[in-house]
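To start, the structure under review is shown below, and the notes come after it.
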Amino acid sequence: MYLSHDQHANKSDQTLPYKAHSLGRSHYQSKTEQSVKNVAVSNTITNFEVIPSRSDLTNNSYFIKTGLNKAYFWLERKHDSQYEGVVPTDYKVVSVHVLIRHGDRTPMIPVNNLNISCNFDDIVNRSILLQRYLEYMKSYAVWKNNPFSAILSPFPNSAVCSLSQLTGQGAMQHLNNGDFLRNVYIKRWKLLEDDGLRQKSEVHVRSTVYSRTYQSAVAFLFGFIPNFKLEALPIKPQAGIYFCSTYHTGFNCACAAASQYHSMAEKARSTISKNDKLWLSVKRDLLKMVKNGQQWLNGLFDISTAHICHGIVPPCFTPGCMKEYINMTSRVIKVKDRLGHENIYNEAYQKFQRLAIHPLIFEIALRMFNQTRSLNVPKFVLYSGHDLTVTALSVALGVNNGEWPKYATRFVLELIQSKNGSKFYIRAIFNGKDITSKVLFCQGKLEEGLCPANEFFMFVLKEHIRKYFDDSSYFKACLKANI
């Protein structure tokens with residue numbers, strides 16, 4: 001298994017038993033927060049005039065105003081781009097694959113005096129959908145016929161989160177994602193029945209074995225499927241973060257070359273980060289403030305964004321310190337995106353990601369191909385994964401720009417049928433934006449903005465391995481790294 005910063009969860013994340021907790025008040029507000037809330041600070045860097053209130057810090061417009069929108073953590077996703085299901089007249093959407101990254105989570109490392117609520121006390125009144133979701137999650141029925149139920153709660157349900165846990169806001173992100181796509185694919189395109197799921201075979205869902213991905217999948221499905229019943233649609237656990245399935249593809253998921261490329265890539269990335277002056281200065285300055293001893297870029301990123309994006313006072317109590325802390329978070333984000341951009345030119349990293357994700361894109365292509373032959377395959381497929389899963393798919397399709405995938409990212413692949421039913425196409429939509437024209441095998445081949453499905457099938461079956469590994473098959477490419 002290849003682990004990114006998004007995968008180094010503590011053991012409790014995989015073996016978390018369900019325990020009932022009283023839904024007491026969260027620990028967000030403190031006397032210190034109240035005392036500093038209205039202290040004025042200079043707007044020369046952050047463009048705000050007062051210490052942000054908690055309502056500011058849970059509002060997307062605040063992040064845009066202050067230049068912190070690239071923190072990617074707005075808690076109620078506003079669908080500024082809505083290109084899912086937008087196809088030419090007389091064409092129709094016949095199947096959909098969605099890869100999501102889990103929603104907002106807590107840091108993966110211990111942080112002194114940082115208590116983030118893992119219940120919904122502070123947001124329960126935001127929507128009727130959320131209230132229905134909570135009512136259902138607390139019912140007994142949700143535990144029936146559920147492969148995860150022995151070890152994981154299907155929703156965040158504790159007064160204070162432990163490490164690496166999905167927050168209430170994270171669940172709400174995917175409730176909103178599911179609800180939005182329900183309006184597109186069920187109400188408009190009738191992929192499923194309006195009154196709910198009639199056939200289990202219509203939907204296929206897999207989640208990695210972490211509470212944050214499983215709970216994200218449950219929240220998404222509750223928003224997506226009318227009259228959702230978890231006991232009627234078991235979510236299948238996935239051992240690997242790249243969703244390689246021998247059952248669905250016939251591939252051996254132990255790819256030796258991928259492991260070798262991963263080691264090469266990590267060495268190269270370590271060398272770059274050690275010599276990155278911006279990263280070294282950010283680490284030095286932030287460590288002075290948090291006094292955590294954390295040397296890991298993503299660990300420091302977790303610490304800084306957790307305070308800011310949950311409206312919790314950072315480990316500093318003066319106006320100048322607050323301004324500096326928020327500015328420093330922006331600097332950390334710049335470092336992350338810049339180092340991510342370097343990976344575009346890291347050959348070992350690119351090959352590692354391509355080999356790691358190849359079984360998944362093969363599975364998607366095979367399912368779509370069978371759909372074009374009118375075989376009985378799921379119309380809607382959901383994979384609930386991690387940042388690396390999203391990144392790898394982006395790399396394989398040639399649309400990766402090095403930026404870190406935000407929480408609750410959705411990557412959608414649609415299969416489209418032509419007017420007369422004789423031709424099929426695909427579309428790629430990333431967080432609501434149509435990126436089909438940027439996909440490697442679609443460039444210069446679009447018809448009415450759609451990519452011929454055969455281009456995808458040929459890319460996966462032949463060109464992907466041949467072009468990037470100079471081998472005739474995935475099996476041969478996995479035998480030995482070649483750089």
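In this chain, numbering begins with 1 at the start of the sequence shown.
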- Heavy atoms, side chains only, cut-off 4.5 Å: are Arg427 and Tyr83 in contact? yes
Please check this pair: side chain of Asn177 against backbone of Ala408, looking for a donor-acceptor N/O pair closer than 3.5 Å.
yes
Heavy-atom closest pair (Leu366 atom, His248 atom, distance to 0.1 Å) is CD2-O, 3.9 Å
Distance col, row Phe369:CZ vs Asn454:CG, nearest 0.5 angstrom, shows 8.0 Å
In terms of heavy-atom contacts, Tyr185 and Val412 come closest through OH-CG1, 3.4 Å
Contacts of Glu447 meeting salt bridge (charged side-chain N to carboxylate O under 4.0 Å, His left out) (sequence neighbours excluded), chain-then-number -> Lys423
Under 3.5 Å donor-acceptor, Trp189 side chain and Gly85 backbone
yes
Query raised in the report: Is there a side-chain contact between Phe224 and Leu192 (heavy atoms, below 4.5 Å)?
Result: yes
- Query: Once the angle between the rings of Phe352 and His262 is folded into 0 to 90°, is it parallel (under 30°), tilted (30 to 60°) or perpendicular (over 60°)?
  - Reply: tilted
Interatomic distance, CD1@Ile357 vs CG@Leu397, rounded to 0.5 Å, equals 9.0 Å
Sequence neighbours excluded, the answer for ring pair (Phe, Tyr, Trp, His ring centres under 6.0 Å) partners of Phe456 is Phe441
Quick one: does Arg101's side chain get under 4.5 Å of Thr389's, heavy atoms only? no
Does the side chain of Leu163 reach to within under 4.5 Å of the side chain of Met108, using non-hydrogen atoms? no
To the nearest 0.5 Å, atom CG of Leu233 lies from atom NE2 of His204 at 10.0 Å
Here the pair of heavy atoms bringing Cys253 nearest to Thr246 is SG-OG1, 3.8 Å
Is a side-chain N or O of Glu414 found less than 3.5 angstrom from the main chain of Glu84, in a donor-acceptor match? no
Without swapping roles, check the side chain of Arg105 against the backbone of Ser164 for a donor-acceptor pair under 3.5 Å. no
Quiz prompt | Flag side-chain contact, heavy atom, 4.5 Å: Val218 against Met137 | solution = yes
By side chain to side chain donor-acceptor pair (under 3.5 Å), Asn346 pairs with (sequence neighbours left out) none
Applying salt bridge (charged side-chain N to carboxylate O under 4.0 Å, His left out) to Lys476 and not counting sequence neighbours gives none
Separation between CZ (Phe251) and OG (Ser245), nearest 0.5 Å, reads 11.0 Å
Q. What's the verdict on ring pair (Phe, Tyr, Trp, His ring centres under 6.0 Å) for Phe362 and Tyr474, showing C-alpha distance, side-chain angles and the deciding distance?
A. CA-CA 10 Å; Phe362 181 91; Tyr474 173 76; 8.8 Å; no
Q | N-O pairing of Glu463 and Arg466 below 4.0 Å | A | no
Sorted by chain and number, sequence neighbours left out, side-chain contact (heavy atoms from CB on, under 4.5 Å) with Cys161 holds for Thr106, Ile116, Cys118, Gln165, Thr167
Sorted by chain and residue number, the salt bridge (charged side-chain N to carboxylate O under 4.0 Å, His left out) partners of Glu363 (sequence neighbours excluded) come out as Arg206, Arg367
Applying side-chain contact (heavy atoms from CB on, under 4.5 Å) to Lys334 and not counting sequence neighbours gives Leu278
Shortest non-hydrogen pair, Thr213 vs Gly385, comes out as CG2-O, 3.3 Å
May I ask you to decide if the ring planes of His386 and His102 are parallel, tilted or perpendicular, using 30° and 60° as cut-offs? perpendicular
Glu342 meets the side-chain contact (heavy atoms from CB on, under 4.5 Å) criterion, sequence neighbours left out, with Ile272
With sequence neighbours left out, the residues meeting ring pair (Phe, Tyr, Trp, His ring centres under 6.0 Å) with His97 are none
Value for OG1 (Thr409) from CG (Leu393), rounded to nearest 0.5 Å, stands at 11.5 Å
Applying side-chain contact (heavy atoms from CB on, under 4.5 Å) to Asn400 and not counting sequence neighbours gives Ile344, Thr391, Ser394, Val395
Do the non-hydrogen side-chain atoms of Phe430 and Val399 ever get within less than 4.5 Å of each other?
no
Residues passing the ring pair (Phe, Tyr, Trp, His ring centres under 6.0 Å) test with Phe469, sequence neighbours excluded, are none
Query raised in the report: Under 3.5 Å, is there a donor-acceptor pair between the side chain of Arg354 and the main chain of Ala396?
Result: yes
### Query
If you count the non-hydrogen atoms of other residues, nucleotides and ligands that lie under 6.0 Å from CG in Asp470, is the total more than 12?
no
Okay, side chain of Gln350, backbone of Asn343: is any donor-acceptor separation there less than 3.5 Å? yes
**Study point:** Arg182/Phe228 under side chain to side chain contact (heavy atoms under 4.5 Å, CB included): CA gap, chis, key distance, verdict
**Key:** CA-CA 12 Å; Arg182 176 179 60 84; Phe228 172 73; over 6 Å; no
Counting C-beta onward and ignoring hydrogens, is there a side-chain heavy-atom pair between Glu455 and Cys442 closer than 4.5 Å?
no
d(Gln417 CD, Ser95 OG) to nearest 0.5 Å is 10.0 Å
Residues passing the ring pair (Phe, Tyr, Trp, His ring centres under 6.0 Å) test with Tyr383, sequence neighbours excluded, are Phe243
Looking only at heavy atoms, the pair that brings Ile123 and Gln169 closest together is CD1-N, 3.9 Å
Just wondering, do Glu202 and Leu191 contact through their side chains at under 4.5 Å, heavy atoms? no
When every non-hydrogen atom of Asn119 is compared with those of Ala159, the smallest separation belongs to ND2-CA, 3.7 Å
